[in-house]
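Taking it in order: structure first as structure tokens, then the write-up.
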Amino acid sequence: MSEHRSPTNSPSAEGVRLQKVLSQAGVASRRAAEQMIVEGRVEVNGEIVLELGTRVDPDTAVIHVDGNRIMVNADLTHLLLNKPKGILCTMSDDQGRPCIGDYLRERQGRLYHVGRLDVDSEGLLLITNDGELAHRLMHPSYRILKTYLAEVPGPIAKGLGRELRNGIELEDGPVKVDSFRVIDVNEGRALVEVVLHEGRKHVVRRLLKQVGHPVERLVRTAVGDVRLTTERQGAIRPLDRKEISSLYRAVGL
């Protein structure tokens with residue numbers, strides 16, 4: 001629990017009033033933001049703020065409301081790209097092949113893709129200019145779950161889910177799924193959902209091939225609490241405040 005004290009930004013310091021910053025970030029009206037501050041629901045740089053005159057620097061302050069990170073730095077970018085099949089997961093390609101950088105040419109500054117999808121895979125790819133966030137989301141110690149839908153030859157044996165949860169030995173070591181379920185089976189083909197926090201190259205394809213179900217189509221549908229919804233292939237959209245907050249919370253930022 002954080003201590004009840006004002007942050008380094010004092011009421012007389014330069015900056016923007018905290019309630020105004022919260023209002024501009026879309027958290028609440030200024031009056032409602034003031035009430036949040038008085039109730040001790042707002043933290044700045046790890047310290048609970050109770051003084052309404054507190055000013056902060058929106059470019060550097062780390063602000064949480066009710067434990068959720070609030071994005072107040074307008075320079076930070078958080079995007080979702082629904083990557084189509086046949087697109088390289090790189091910002092540029094010296095051979096001129098289609099890549100995700102083709103979808104981002106009009107956006108300024110350096111952007112990072114969070115993890116990779118192989119050229120034949122589709123689906124959710126996170127894009128950000130927050131290098132620390134990108135690094136933590138990819139680091140295995142944070143155990144960020146990724147959800148995939150895979151089309152594979154059927155039928156699926158009853159015990160396959162248990163086998164995958166117990167672990168399968170691959171050439172670079174064992175791998176366990178966090179969950180596995182069969183979504184549909186039709187005419188000798190099956191649609192399965194695989195959830196795991198592993199980030200090794202081609203891990204889902206290698207895993208399912210190892211158990212006799214080579215992947216015919218692979219789509220990533222979620223990273224953490226961020227999910228594909230109705231985005232068409234190739235579409236990009238900014239993450240909403242709830243999605244952004246969930247990612248920062250998941251990696252302790």
Side-chain angles (χ1 to χ4, degrees), residues 78-85 87-90 100 112-128 132-185 189-229 231 233 239 242-253:
H78 308 87
L79 304 170
L80 178 155
L81 167 65
N82 186 359
K83 184 188 101 59
K85 182 178 179 179
I87 304 298
L88 291 173
C89 205
T90 181
I100 61 171
Y112 306 90
H113 49 86
V114 179
R116 291 180 177 273
L117 286 171
D118 66 68
V119 68
D120 291 323
S121 297
E122 311 161 40
L124 190 157
L125 189 66
L126 297 176
I127 311 287
T128 183
E132 180 62 20
L133 174 64
H135 169 73
R136 293 194 184 198
L137 287 171
M138 290 184 285
H139 200 283
S141 65
Y142 292 97
R143 301 179 67 88
I144 303 302
L145 296 179
K146 294 97 174 174
T147 304
Y148 298 85
L149 290 180
E151 290 184 7
V152 299
I156 304 296
K158 271 191 172 181
L160 182 60
R162 182 173 62 253
E163 183 182 355
L164 292 171
R165 287 189 293 272
N166 288 338
I168 300 295
E169 190 71 34
L170 299 180
E171 64 270 19
D172 54 353
V175 60
K176 297 180 181 181
V177 304
D178 291 83
S179 72
F180 174 88
R181 65 189 178 110
V182 179
I183 305 295
D184 188 31
V185 178
R189 306 176 91 174
L191 181 66
V192 300
E193 180 188 79
V194 180
V195 181
L196 74 174
H197 62 273
E198 282 272 6
R200 279 182 271 174
K201 189 173 182 180
H202 305 309
V203 66
V204 177
R205 291 182 181 276
R206 292 191 290 132
L207 179 67
L208 292 176
K209 183 178 180 181
Q210 184 71 15
V211 295
H213 296 281
V215 171
E216 297 171 356
R217 184 184 180 194
L218 186 65
V219 182
R220 184 158 64 197
T221 59
V223 174
D225 291 334
V226 179
R227 295 190 161 272
L228 278 182
T229 53
E231 298 85 8
Q233 288 202 339
L239 300 187
K242 185 177 179 181
E243 291 171 323
I244 294 170
S245 177
S246 74
L247 293 177
Y248 280 91
R249 183 171 60 251
V251 297
L253 288 174

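Everything numeric here is computed off the predicted structure, so don't read it as measured data. The figures here come from the full heavy-atom set of this structure, side chains too, leaving out hydrogens, waters and symmetry mates.
- Ile168 contributes atom CD1, which lies 11.0 Å from atom NZ of Lys176 (distance to the nearest 0.5 angstrom).
- Residues passing the ring-ring contact (aromatic ring centres under 6.0 Å, His included) test with His78 are Tyr248, sequence neighbours excluded.
- Nearest approach of Lys83 to Ser121, heavy atoms of both residues: NZ-O, 2.9 Å.
- The pair Glu193-Arg181 meets the salt-bridge criterion, with a side-chain N (NZ, NE, NH1 or NH2) lying under 4.0 Å from an Asp/Glu carboxylate O.
- With Glu171 as reference, Arg206 is the one residue of Arg206, Arg200, Lys201 to meet the salt bridge (charged side-chain N to carboxylate O under 4.0 Å, His left out) rule.
- Expressed to the nearest 0.5 Å, how far CZ of Arg143 lies from CG of Leu196 amounts to 10.5 Å.
- Summarising the geometry of Gly115 relative to Leu125, their closest heavy-atom pair is O-CD1, 3.8 Å, with the distance given to 0.1 Å.
- Atom CD1 of Ile144 sits about 10.5 Å away from atom CZ of Arg136, to the nearest 0.5 Å.
- Side-chain contact check for His113 versus Leu81: every heavy-atom pair is 4.5 Å or farther apart.
- When all heavy atoms of Ile100 and Ile87 are compared, the pair lying nearest together is N-CG2, 3.5 Å.
- Between Phe180 and Gly161, the shortest heavy-atom distance links the atoms CD2-CA, 3.6 Å.
- Side-chain atoms of Gln233 and Lys85, non-hydrogen and from C-beta on, never get closer than 4.5 Å to each other.
- Formation of a donor-acceptor pair under 3.5 Å by the Arg116 side chain with backbone atoms of Cys89 is found in this model.
- Val219 and Gly123 get closest at one heavy-atom pair: CG1-CA, 4.0 Å.
- With respect to Thr221, the side-chain contact (heavy atoms from CB on, under 4.5 Å) criterion is satisfied by exactly one of Val226, Leu149, Asn82: Leu149.
- Side-chain atoms of Leu80 and Leu124, non-hydrogen and from C-beta on, do get closer than 4.5 Å to each other.
- Remark: side-chain polar atoms of Asp225 are not paired, donor with acceptor, to backbone N or O of Ser246 under 3.5 angstrom.
- Distance check, rounded to the nearest 0.5 Å: CG of Leu207 to CG of Leu164 gives 5.0 Å.
- Listed by chain and residue number, His139 satisfy the ring-ring contact (aromatic ring centres under 6.0 Å, His included) test with His135 (two or more places apart in sequence, or in another chain).
- At a threshold of 4.0 Å, the pair Arg205-Asp118 counts as salt-bridged, since one of the basic side-chain nitrogens sits closer than that to a carboxylate oxygen.
- Side-chain contact between Leu126 and Leu239: present, with at least one pair of heavy atoms (C-beta onward) separated by less than 4.5 Å.
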Verify side-chain contact (heavy atoms from CB on, under 4.5 Å) between Tyr148 and Val203, making sure each step is shown before the conclusion. CA-CA 11 Å; Tyr148 298 85; Val203 66; 5.8 Å; no
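- With contacts defined as side-chain heavy-atom distances shorter than 4.5 Å, the pair Thr128/Leu137 does not qualify.
- With sequence neighbours excluded, no residue forms a ring-ring contact (aromatic ring centres under 6.0 Å, His included) with His202.
- The shortest distance between side-chain heavy atoms of Leu160 and His213 falls below 4.5 Å.
- At least one side-chain heavy atom of Met138 sits less than 4.5 Å from a side-chain heavy atom of Val114.
- For Ala134 against Tyr112, the heavy-atom pair with the smallest separation is CB-CB, 4.2 Å.
- With contacts defined as side-chain heavy-atom distances shorter than 4.5 Å, the pair Lys146/Val204 does not qualify.
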